[in-house]
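What follows is a set of notes on a single structure, which appears directly below.
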Amino acid sequence: MTKNELINKIHSLKIDLKYLKRELQFRLDNNDIDATIEAHKDDQYRYAAVSGALQAKVMLDNQTFERSIKTITNIEKDLEV
């Protein structure tokens with residue numbers, strides 16, 4: 001591997017990690033369970049609303065985790081040069 005190829009590979013990995021970190025931070029920032037409960041506290045169907053909101057959050061988290069694992073796996077493969 002040439003020096004230029006190595007520099008390009010490192011730059012590509014930095015970009016992958018940057019976007020992975022941004023996506024994980026977004027999910028972390030939006031996982032405010034207390035805000036979800038507070039938003040639906042006066043709703044007649046609050047238990048159903050909170051249950052649905054929590055289910056959606058879990059599904060989004062699972063999708064984020066799957067993409068994160070895939071990205072990390074690709075980064076590990078790229079590092080096996």
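The first residue in the sequence is number 1, and the count goes up from there.
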Open item on the list: Could you tell me if D61 and N31 have a donor-acceptor pair between their side chains, going purely by distance under 3.5 Å?
Closed with: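 Their side chains do contain a donor-acceptor pair, which is all the 3.5 Å distance test asks for.
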For residues 46-56, please give each side-chain donor-acceptor pair under 3.5 Å, one per line with the distance, not counting sequence neighbours.
from, atom 1, to, atom 2, distance (Å)
R46, NH1, D43, O, 3.4

Point-to-point distance, once rounded to the nearest 0.5 Å, from [atom1] of [X] to [atom2] of [Y]:
X   : Y   : atom1 : atom2 : answer
L6  : H11 : CG    : NE2   : 13.5 Å
I69 : E76 : CD1   : CD    : 10.5 Å
R27 : E23 : CZ    : CD    : 8.5 Å
L20 : T71 : CG    : OG1   : 5.5 Å

Task: F65 reachable from L28 in the ILVMFWY side-chain graph, under 4.5 Å edges - done: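 No, separate clusters.
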[X]: what forms a side chain to side chain donor-acceptor pair (under 3.5 Å) with it, not counting sequence neighbours?
X   : value
D42 : none
E38 : K41
N8  : none
E66 : none

- [ ] Please write out which residues are connected to Y19 in a hydrophobic cluster, directly or through intermediates, given that two of Ile, Leu, Val, Met, Phe, Trp, Tyr count as joined at side-chain heavy-atom separations below 4.5 angstrom.
- [x] I15
Task: Intermediate values then yes/no, side-chain contact (heavy atoms from CB on, under 4.5 Å), T36 and D32 - done: CA-CA 7 Å; T36 301; D32 188 357; 5.8 Å; no
Open item on the list: To check you understand the geometry: which heavy-atom pair defines the closest contact between K57 and N30, and what is its length?
Closed with: NZ-O, 2.7 Å
